[in-house]
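Just so you know, residue 1 is the first one in the sequence shown, and it goes up from there.
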Amino acid sequence: YGEPESLPKDAKVVALEVEPKAVALSRWTDSAQILITARLATGEALDVTRLAKLELGGFSKSAASVSASGVVLPKANGSVTVKASFAGKSVSVPVKVAGIGKSLDTDFIRDVNPVLTKAGCNQGTCHGAKEGKNGFKLSLRGYDAEYDVRAFTDELASRRANVASPDDSLMLLKPTGAVPHQGQKVFDPGELNYRIIREWIGAGAKLNVKAARVTKIELSPQNPVVQKVGARQQMRVIATYSDGSTRDVTTLAFVDTGNQDVAKTDGANVVTTLRRGEAPMLARFEGAYAATTVTVMGDRS
């Protein structure tokens with residue numbers, strides 16, 4: 001069968017399928033996870049997101065970027081196409097970027113809190129603990145935004161969120177390792193998560209209590225079947241907000257497994273299969289949950 005992350009021997013790809021069919025990005029803080037699936041002549045499906053060749057096409061190639069793992073990020077207003085090629089087949093996804101202006105607005109509830117949660121800052125093992133850590137406490141998993149913003153802005157003479165000099169804020173200096181941090185380094189200066197927090201501080205570190213909140217999330221693909229032990233399956237998480245808008249939150253959500261003997265997950269929400277069986281998957285993002293089951297068939301020869 002060869003390597004698990006490869007096309008099985010003698011397998012024939014009859015079509016490539018993509019999810020979603022189109023991508024629309026309207027904020028500079030957004031991203032989208034593309035999922036590429038190869039349909040084999042046997043009827044089996046194989047996740048080839050990391051195996052396919054991904055290229056940008058169209059007149060506005062500078063409008064977006066795409067990583068080798070299929071994450072699309074907006075760069076400027078315009079339209080671009082992501083073309084995925086694998087085993088002689090190809091499929092394209094139109095990407096439209098609009099609303100990216102000079103004003104890099106960020107919202108604590110929509111943008112900053114999910115970044116802090118993904119970085120682990122407000123988890124029970126860190127500042128979300130009952131007594132906090134090293135004199136600094138956040139609400140567990142960010143359930144109380146008002147409490148958290150006050151913790152950043154009112155305590156320590158606002159050294160944690162320095163609106164006069166954002167780069168000198170402790171909530172940036174500590175996670176980047178610029179000053180000693182028991183929680184170690186969690187992101188680098190200049191990367192997307194750093195910029196999101198920095199822009200929020202620079203705009204005054206305010207809280208918009210009327211910001212739309214997550215009402216539900218959806219996990220896909222639903223009930224995927226993985227043929228080989230060792231093969232991997234990319235998951236996608238889509239959030240729906242109280243204003244009716246939807247957003248791809250795959251890079252910020254958590255997907256955990258209820259059966260670590262059969263499968264494991266990583267920070268990019270890729271499921272790696274370990275042995276034959278079924279593994280329930282639970283996705284969570286900003287207080288909302290969704291579930292599915294990954295089935296690992298294994299060698300049945």
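Remark: Asp266 CG to Gln234 CD distance equals 8.0 Å, nearest 0.5 Å. Atoms CG and CG, from Leu274 and Asp261 in turn, are 8.0 Å apart once rounded to the nearest 0.5 Å. Rounded to the nearest 0.5 Å, atoms CG (Asn162) and CG (Leu173) are 9.5 Å apart. Between the CG atom in Asn269 and the OG atom in Ser69 there is a gap of 11.0 Å [rounded to 0.5 Å]. Asn223 CG to Thr292 OG1: the interatomic distance, rounded to the nearest 0.5 Å, is 4.0 Å. Rounding to the nearest 0.5 Å places CG of Asn113 at 6.5 Å from OG of Ser139.
Val71 and Val255 fall within the same hydrophobic cluster, defined by Ile, Leu, Val, Met, Phe, Trp and Tyr side-chain heavy atoms under 4.5 Å apart, directly or through other members. Under the 4.5 Å side-chain heavy-atom criterion for ILVMFWY residues, no single connected hydrophobic cluster contains both Val18 and Leu35. When hydrophobic clusters are built by joining Ile, Leu, Val, Met, Phe, Trp and Tyr residues whose side-chain heavy atoms come closer than 4.5 Å, directly or via intermediates, Val270 is not grouped with Val237. Hydrophobic clustering (ILVMFWY, side-chain heavy atoms < 4.5 Å, transitive): Ile238 and Ile36 are in distinct clusters. Hydrophobic clustering, with ILVMFWY side chains joined whenever heavy atoms are under 4.5 angstrom apart, groups Leu73 together with Val112.
Every side-chain hydrogen bond (donor to acceptor under 3.5 Å, both in side chains) that Ser245 has, sequence neighbours left out, goes to Asp243. With sequence neighbours excluded, no residue forms a side-chain hydrogen bond (donor to acceptor under 3.5 Å, both in side chains) with Thr265. Annotation: side-chain contact (heavy atoms from CB on, under 4.5 Å) contacts of Ala41 (sequence neighbours excluded): Lys12, Val14. Scanning for side-chain hydrogen bond (donor to acceptor under 3.5 Å, both in side chains) contacts around Ser65 gives an empty result, with sequence neighbours left out.
Nearest heavy-atom pair, Asp148 versus Gly142, reported as atom, atom and distance to 0.1 Å: OD2-CA, 3.6 Å. Minimum heavy-atom separation, Val72 to Ala64: CG1-CB, 4.1 Å. For the residue pair Tyr241 and Arg110, the shortest heavy atom distance occurs at OH-CG, 4.1 Å. What you find for Ala211 and Asp107 is that their closest heavy atoms are CB-OD2, 3.5 Å. Contact record, Ser67 with Leu54: O-CD1, 3.5 Å, taken as the closest heavy-atom pair. Considering every non-hydrogen atom in both Pro224 and Gln233, the closest pair reads CB-OE1, 4.1 Å.
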Let me check something: any side-chain donor-acceptor pairs from residues 77-93 under 3.5 Å, sequence neighbours excluded? List them with distances.
from  : atom 1 : to     : atom 2 : distance (Å)
Asn77 : OD1    : Gly99  : N      : 3.1
Asn77 : OD1    : Ile100 : N      : 2.8
Asn77 : ND2    : Ile100 : O      : 3.1

Using atom types as modelled, flag every donor-acceptor pair under 3.5 Å from a side chain in residues 199-208 to any protein atom, sequence neighbours excluded.
from   : atom 1 : to     : atom 2 : distance (Å)
Trp200 : NE1    : Lys206 : O      : 2.8
Asn208 : OD1    : Lys210 : N      : 3.1

Could you give the side-chain donor-acceptor pairs of residues 188-195 under 3.5 Å, partners two or more places apart or in another chain?
from   : atom 1 : to     : atom 2 : distance (Å)
Asp188 : OD1    : Lys185 : NZ     : 2.7
Glu191 : OE1    : Asp188 : N      : 3.0
Tyr194 : OH     : Asp167 : OD1    : 2.7

- request: Please assess Gln227 against Leu46 for the test side chain to side chain contact (heavy atoms under 4.5 Å, CB included), listing each intermediate value before the final yes or no.
  value: CA-CA 8 Å; Gln227 298 299 327; Leu46 179 71; over 6 Å; no
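A side chain to side chain donor-acceptor pair (under 3.5 Å) check over residues 14-27, counting only residues at least two apart or in different chains, returns the pairs Glu17-Arg39, Glu19-Ser220, Glu19-Arg236, Arg27-Asp111. Sorted by first and then second residue, the pairs that involve residues 116-138 and meet ring-ring contact (aromatic ring centres under 6.0 Å, His included), not counting sequence neighbours, are His127-Phe136, Phe136-Phe152.
The other members of the hydrophobic cluster of Leu140, by chain and number, are Tyr143 (side-chain heavy atoms under 4.5 Å, ILVMFWY only). Taking Ile, Leu, Val, Met, Phe, Trp and Tyr as hydrophobic and joining them when side-chain heavy atoms fall under 4.5 Å apart, one finds Leu282 in a cluster with Tyr289. Through direct or indirect side-chain contacts shorter than 4.5 Å among Ile, Leu, Val, Met, Phe, Trp and Tyr, Met297 is connected to Val225.
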